[in-house]
Chemist: 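Handing you this structure, nothing more for now.
Residue numbers start at 1 and run along the sequence shown. When a ligand or atom number is given, it counts from 1 through the structure's own listing order.
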Amino acid sequence: MSTLLIHSLKGLAIGHARRINGKSMADLPMLESGAFILIENGRIKKTGPASECPERADRVIDGTGRYLLPAWVDSHTHLVFAGSREREFVDRIRGLSYQEIAARGGGILNSAARLRGMAEDALYQDALERLEEVTASGTGAIEIKSGYGLSTEAELKILRVIRRLKEDSQIPIRATFLGAHSVPTEYKENREAYIRLIEEEMLPRIQAEGLADYMDVFCEKVAFSVEETERLIEAGYKAGLKPKIHVNQFYAMGGIPMACRRKAVSVDHLEVINEADIEALQQSETIATLLPTAPFFLNDPYPEARRMLDADIPVALATDFNPGSTPGGRMSFVLSLACIKMRMLPAEAINAATINGAAALEWDAELGSLHTGKWANMILTKKIPSIDYIPYRFGRDQIERVFVKGEM
Ligand code: NIG
Ligand code: FE
C-alpha cells in the first residue's frame, strides 16, 4: 500500500461526481484554504478541510499557494499520424480553403499516403513522444482515433499502435476506429466499395482483435453523407462499437439529429449548428464536444458554446490534435480559446475539459473529478492567484506537477 498526501492547498477543485448539463457547468465544486487530498494506491481515498488532514503518508507534498484540479480528459485526438502538413498551412495563408486542399488530394489523403509508407514501430515512437508531450501539459486521459490509414492494413496498423500505447503508457486511453475519415483515392469513383470494405473487412477484423472502443465517421460534404454515416454507425454497432461522430464542421446537413437518434456518445466539432440540432441534442444523452483549436487554426467560425450551454446541453472540450486542422494538443490553450472566443466561463471550460470529457469517453465514474474512489489523475498548479488564472494566462501551462494514478 502506498499513500500520497497533498495538504495546505489554496484550492481543491473536486468537481462534479458525474457528467453535468450546460446550465450547471458554471458551478465548480471546490474546497478552499488549507484543503487536503489523500491518495492510496493510485486512487483518491479522502479529501477534506485542513482540520481533518491526516498526519502522515508515505509521500507528502505541501500545496501552499497552489490549486489541485482533475487532469484534463482529452476526448478527441488523432494522435497517431505520419509527418506534418505545413505546406498546406502556407497554401491556406495564400488563400486556398481547407476544403479546396482536400478536394485536390491534400488534407487527409496526403496524411494517409505518408502513413501507409511508415513502419509501425516508427509510428509508435512518434505517437509516444506526442503522448508524453500532452501528458506533461496536464492531459491525464485521452482518446486516439485511427483514420489516416484508409486501407484495412493501414487502419489496423494504427489501431495496433494505439493498443501498444495503451499497454505501455500510464495514462488511460480509448481507441476509436475512424476508417470512414475520407474516401481514399483508389475508391474515388466507387464509394460504395469502400463503405463495404469497412463493413465487411475492417470492422470484423477490428472486432476479432478487440482493437477499438468506438466507431467514428466524418459526416461532411467532403467525406460521408448523413445516409452513409447512419449506415456506418449501424455497422459499428454490429461490431460492438458505439458511435462518436465528426459532424457540422463546415455544414449543417442533418447529421446531428441522426447521430442523436442513433445514440451517439458524442458529436464533435459543431462549428455550425441550427435550431433542429439544438433540439435534438436537448432530447438526447449525446455530449457536444467542441474543438476550438480547429477553427482557430483554420480561421473558421467558432462553435456557439453559449447557445448550447444555455440550452442545458452537456458540453465537452477537446484538442482534436492532428496534422491538418490542429497540430497541437495543449488543453490549456483549448480552455483559453473557449473562454475568449466562445464566452465560456473558466469554471464551465474546466468542467467541459474534465468531467464532461470523461463522460464523452464513458469514463466519468472513474475519472474527470477528484471524488473518493476515482483514479488520482490530477494537476497541481504553480502558485497562482485563482483558478480563473489558468485560461487567462493563455499559451502557458500553470502546472507544477501532473499525477497519473497518483504517480508523477
Ligand atoms: O477533426 N475533420 C476531420 N478530421 C480532422 C482533420 C483531418 C485532417 O485535416 O487531417 C479534424 O479536424
Ligand atoms: Fe477530429
Side-chain angles (χ1 to χ4, degrees), residues 74-92 96-116 127 130 134 142-150 154-155 158 162 174-185 214-224 229 232 243-253 255 259 264-272 287-303 316-329 331 334 337 357 360-361:
D74 190 352
S75 63
H76 181 136
T77 83
H78 309 244
L79 195 82
V80 181
F81 58 83
S84 55
R85 303 221 306 260
E86 67 277 9
R87 198 172 294 171
E88 295 174 12
F89 170 68
V90 176
D91 284 344
R92 276 200 313 280
L96 281 181
S97 73
Y98 178 84
Q99 295 154 82
E100 281 163 342
I101 292 167
R104 291 201 315 193
I108 295 166
L109 298 179
N110 176 0
S111 287
R114 292 182 192 214
L115 186 138
R116 288 176 185 185
R130 287 179 207 118
V134 302
I142 199 166
E143 182 252 23
I144 308 175
K145 301 172 193 295
S146 70
Y148 289 119
L150 309 180
E155 285 295 314
I158 302 172
I162 302 173
R174 295 273 206 226
T176 300
F177 169 56
L178 177 55
H181 199 186
S182 181
V183 178
T185 319
Y214 296 106
M215 167 88 177
D216 197 344
V217 180
F218 186 18
C219 181
E220 190 54 60
K221 282 192 188 173
V222 288
F224 294 88
T229 303
L232 286 158
K244 286 169 69 69
I245 303 296
H246 277 77
V247 69
N248 287 45
Q249 183 176 7
F250 306 117
Y251 296 98
M253 312 191 299
V265 175
S266 67
V267 284
D268 302 37
H269 271 290
L270 284 45
E271 279 87 329
V272 287
I287 290 177
T289 300
L290 311 181
L291 314 163
T293 38
F296 166 75
F297 188 75
L298 298 179
N299 231 341
D300 281 336
Y302 288 86
L317 286 167
T319 64
D320 200 16
F321 195 174
N322 75 75
S325 70
T326 317
M331 282 295 283
V334 169
L337 285 179
L361 299 176

Chemist: How are the rings of H246 and F218 set to each other: parallel, tilted or perpendicular (split at 30° and 60°)?
Modeler: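 Geometry flag for F218 against H246: perpendicular rings.
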Chemist: Report yes or no: does a heavy atom of H269 sit under 4.0 Å from some atom of ligand 1?
Modeler: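 Checking ligand 1 against H269, which is what was asked, there is a heavy-atom contact under 4.0 Å.
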Chemist: What protein heavy atom sits nearest atom 11 (C) of ligand 1, and how far off is it?
Modeler: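 Answer, as residue, atom name and distance: D320 OD2, 3.1 Å.
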Chemist: Before moving on, can you tell me the angle at the Fe ion (ligand 2) between the NE2 atom of H78 and the NE2 atom of H246, to the nearest 10 degrees?
Modeler: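 Result: 100°, to 10°.
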Chemist: What protein heavy atom lies closest to atom 10 (O) of ligand 1? Include the residue and the distance to one decimal.
Modeler: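 Sorting protein heavy atoms by distance from atom 10 (O) of ligand 1 puts Y148 OH, 2.6 Å first.
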Chemist: Quick check on the Fe ion (ligand 2): does D320 put an N/O/S atom closer than 2.8 Å to it?
Modeler: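 Checking the Fe ion (ligand 2) against D320, an N, O or S atom does fall under 2.8 Å.
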Chemist: For the Fe ion (ligand 2), decide whether H76 has an N, O or S atom at a distance under 2.8 Å.
Modeler: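 Within the cut-off used here (under 2.8 Å), H76 does place an N, O or S atom near the Fe ion (ligand 2).
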Chemist: Between F81 and F321, how do the two ring planes meet: parallel, tilted or perpendicular, split at 30° and 60°?
Modeler: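 Perpendicular.
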Chemist: If you count the non-hydrogen atoms of other residues, nucleotides and ligands that lie under 6.0 Å from CZ in R104, is the total more than 12?
Modeler: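 Result for CZ/R104: enclosed.
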Chemist: Which heavy atom of the protein is the closest neighbour of atom 4 (N) of ligand 1, given with residue, atom name and distance?
Modeler: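 Result: H181 NE2, 2.7 Å.
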Chemist: Find the distance between CD (E220) and CZ (F250) and round it off to the nearest 0.5 Å.
Modeler: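 If we round to the nearest 0.5 Å, E220:CD and F250:CZ are 6.0 Å apart.
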Chemist: Kindly check if the number of other-residue, nucleotide or ligand heavy atoms within 6.0 Å of OH (Y302) is above 12?
Modeler: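 More than 12 within 6.0 Å, yes.
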Chemist: Which residue and non-hydrogen atom of the protein lie closest to atom 12 (O) of ligand 1, and at what distance in Å?
Modeler: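 Scanning the protein heavy atoms, the shortest distance from atom 12 (O) of ligand 1 goes to S325 OG, 2.6 Å.
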Chemist: Please check if any side-chain donor atom of S84 sits under 3.5 Å from a side-chain acceptor atom of E86, or the reverse.
Modeler: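 Looking only at side-chain atoms, E86 and S84 do form a donor-acceptor pair, the distance falling under 3.5 Å.
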Chemist: For ligand 1, which atoms, with element, lie under 4.0 Å from some heavy atom of Y98?
Modeler: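 Answer, ordered by atom number: 6 (C), 7 (C), 8 (C), 9 (O).
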Chemist: Calculate, to the nearest 0.5 Å, the distance between atoms CG and CG belonging to N248 and D268 respectively.
Modeler: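 It comes to 11.0 Å.
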Chemist: Under 4.0 Å from a heavy atom of Q249: give me the atoms of ligand 1 that qualify, with their elements.
Modeler: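 Going through ligand 1 atom by atom, the ones under 4.0 Å from Q249 are 2 (N), 3 (C), 12 (O).
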